[in-house]
Number of protein chains: 2
Amino acid sequence: MGAIRTARERARAELTQEIKNAARRQLGEVGAQQLSLRAVARELGMASSALYRYFPNRDELLTALIIDAYEALGDAAEAADATPPPGDLRARWCTIHHAVRDWARAHPHEYALIYGSPVPGYAAPQTTIAPAGRVPLLLLRLAHRAHTEGALHPAFDGPPLPPTLAGQAAAVADLMDVPLPEPDLTRVMVAWIQLFGTISFELFGQLTGGADPADAFFHHTTDQMADLVGLPH
Amino acid sequence: MGAIRTARERARAELTQEIKNAARRQLGEVGAQQLSLRAVARELGMASSALYRYFPNRDELLTALIIDAYEALGDAAEAADATPPPGDLRARWCTIHHAVRDWARAHPHEYALIYGSPVPGYAAPQTTIAPAGRVPLLLLRLAHRAHTEGALHPAFDGPPLPPTLAGQAAAVADLMDVPLPEPDLTRVMVAWIQLFGTISFELFGQLTGGADPADAFFHHTTDQMADLVGLPH
DNA sequence: AAGAAAATGAGAGCGATGCTCTCTAGTTTG
DNA sequence: CAAACTAGAGAGCATCGCTCTCATTTTCTT
């Protein structure tokens, strides 16, 4: 399967990559809105119509970039997660958080592509769901390990879960294969939203005039969310 | 100043409004990306070039819509805030949260315009800052009133504030004219980010397969954040 | 090995966009 | 009333996404 048989297939795979690379470069320069197939073709020295042999339309190219971005972010988070001692769950939690933020600030347009407003009339295809779940999965597993070690002690209980929410949380636990009690899982979801909410606000300028630069605030909320979730010190 | 002198000025003011209205209608139908000046001009029965007498370019039109959207959201939040008994701070908190979510779901494209990824190469002009602060200001004032009544009791303290963050929080308190202790103000910021982070995730499809529909989750986190901030029951 | 089939790339072209320029008709101001 | 200003229309430019056709090259089948 991995082996590429004919020369044509090899050339096709390479050109597909080169197109994505050129597109990603332009994405970083002018943003998704201005990304133009013709400009990509120009950069590669080919006719614009030839691009349509590789991507049926502009949206499909963007979708490919979206998936790549999710994977790159997932890679960055997992690589960072491997740095601290595996048993130091809080250090791993914080390291992941900062890795996500660092990646977002290093690739703002790619971040905007996956966590900004989706292209209108564009529904995220099934293929994006799995890669999009990598970061929350990391966080869930950390909490789960703390839980199995009996070391998960949330800062406060909060209101009890209504049945609907408990059911959804159980479904997520099942889907992700992370058997965490519903209230704990819900708290991780809150922390997950806080993580990306903070980064989005920072990148999209909502923090301007408030907590900008946001380093201190981000560091603080990362810790606070670890407390909320209940990771040990 | 409010009085419009000449017939020409009156006509200009009206046409400016009609252009914005038509643009807002199209925004709701096709989204910001596809919003076309020519289509707006067509709808109004005028030449596309005539639009440029009113808005120097497409971005300026969008900026006008952005400001209107912030104001509409602020109006919705303030109107909702006036519903519960003024002394029931927790009810007001929850009502504001739900009003913001309801407005966002009723006007997803306008929400995406102000809380999605900003148009690339587009910096939010100064004129958007004040209207953008209306919702967080409401939340801050609620917390402040609870504080002056001695009724603000956060669910947990969390880590102590580093000096940088304390300074920024103090600056916000000063700017917003809400003299709230820095740790309390920081907690309100967390809740504010949680509010918009949750709505963005819901609207932009990140919750798909997890907490979707998000009613139960949203209700729960609203309450949880009220606990975190320390509003009385 | 030879011929059929499939994939690839180039070019022209369509309808549409944002925006500029020029010209005309009308309004306001001194 | 005349000069200055303003609003609108129309033509035009460069660009875009995308389609269609045609020639060339590669692969598959016999």
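Values reported hereafter were calculated over all heavy atoms of this structure, with side chains retained and with hydrogens, waters and symmetry mates removed. Treat the numbers as computed from the prediction; the structure is a model and nothing was measured.
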Next on the checklist: Looking at Tyr54(B), I'd like to know whether one of its side-chain N or O atoms comes within less than 4.0 Å of OP1 or OP2 on dG8(D).
Outcome noted: yes
Item to check | Nucleotide-resolved protein contact map, nucleotides 22-30 of chain D, B/S/- at heavy-atom distance under 4.0 Å | outcome: ---BBS---
Could you list the donor-acceptor pairs under 3.5 angstrom formed between side-chain atoms of residues 212-225 of chain B and any protein atom two or more places apart in sequence or on another chain?
from      : atom 1 : to        : atom 2 : distance (Å)
His219(B) : ND1    : His98(B)  : NE2    : 3.4
His220(B) : NE2    : Pro159(A) : O      : 3.2
Thr221(B) : OG1    : Phe217(B) : O      : 3.1
Thr221(B) : OG1    : Phe218(B) : O      : 3.1
Thr222(B) : OG1    : Phe218(B) : O      : 2.8

Next on the checklist: Regarding Leu15(A), tell me which of base, sugar-phosphate or nothing describes its non-hydrogen contacts under 4.0 Å with the strands shown.
Outcome noted: sugar-phosphate
Item to check | Contacts of type side chain to side chain donor-acceptor pair (under 3.5 Å), residue Tyr111(B), not counting sequence neighbours | outcome: Ser200(B)
Checklist outcome for this item: When rounded to whole Å, the CZ to C1' distance for the pair Arg12(A) and dA7(C) reads 8 Å
Item to check | Atom-pair distance (CG on Leu51(A); C1' on dT8(C)), nearest Å | outcome: 12 Å
Checklist entry - Taking the six-membered ring for Trp, are Phe201(A) and Phe196(B) parallel (under 30°), tilted (30 to 60°) or perpendicular (over 60°)? => result tilted
Checklist outcome for this item: Sequence neighbours excluded, the answer for salt bridge (Lys or Arg N to Asp or Glu O under 4.0 Å) partners of Glu43(B) is Arg25(B)
Next on the checklist: Measuring from the side chain of Met46(A) (C-beta onward, heavy atoms only), which nucleotide among dA9(D), dA10(C), dT8(C) has the closest atom?
Outcome noted: dA10(C)
Checklist entry - Among all residues two or more places apart in sequence or in another chain, which pass the salt bridge (Lys or Arg N to Asp or Glu O under 4.0 Å) test with Arg42(B)? => result none
Next on the checklist: Just to verify, what does His144(A) make a ring-ring contact (aromatic ring centres under 6.0 Å, His included) with, not counting sequence neighbours?
Outcome noted: none
Table of protein N/O atoms under 3.5 Å from nucleotides 16-18 of chain D N/O atoms:
from    : atom 1 : to       : atom 2 : distance (Å)
dC16(D) : OP1    : Ser36(A) : OG     : 3.1
dC16(D) : OP2    : Arg42(A) : NH2    : 2.5
dG17(D) : OP1    : Leu37(A) : N      : 2.8
dG17(D) : OP2    : Leu37(A) : N      : 3.2
dG17(D) : OP2    : Arg38(A) : N      : 3.2
dG17(D) : N7     : Arg38(A) : NH1    : 2.4
dG17(D) : O6     : Arg38(A) : NH1    : 2.8
dC18(D) : OP2    : Tyr52(A) : OH     : 3.4
dC18(D) : OP2    : Arg58(A) : N      : 2.8
dC18(D) : N4     : Arg38(A) : NH1    : 3.4

Next on the checklist: Distance check needed: dA7(D) P versus Phe55(B) CZ, whole Å only.
Outcome noted: 13 Å
Checklist entry - Hey, can you pull the residues of residues 16-25 of chain A with a non-hydrogen atom under 4.0 angstrom from DNA chain C? => result none
Next on the checklist: With heavy-atom distances below 4.5 Å as the criterion, would you say the side chains of Phe55(B) and Thr63(B) are in contact?
Outcome noted: no
Checklist outcome for this item: Those residues at least two apart in sequence (or on a different chain) that pass side chain to side chain donor-acceptor pair (under 3.5 Å) with Glu60(A) are none
Item to check | Set of side chain to side chain donor-acceptor pair (under 3.5 Å) partners for Arg53(B), sequence neighbours left out | outcome: none
Next on the checklist: Taking side chain to side chain donor-acceptor pair (under 3.5 Å) as the definition, give me every residue that meets it alongside Glu78(A), ordered by chain and number, with sequence neighbours left out.
Outcome noted: Arg134(A)
Checklist entry - How many Å lie between CZ on Arg10(B) and C1' on dT27(C), as a whole number? => result 15 Å
Item to check | Of all pairs that satisfy salt bridge (Lys or Arg N to Asp or Glu O under 4.0 Å), the ones with a partner from residues 197-207 of chain B, not counting sequence neighbours | outcome: Arg101(B)-Glu202(B), Arg105(B)-Glu202(B)
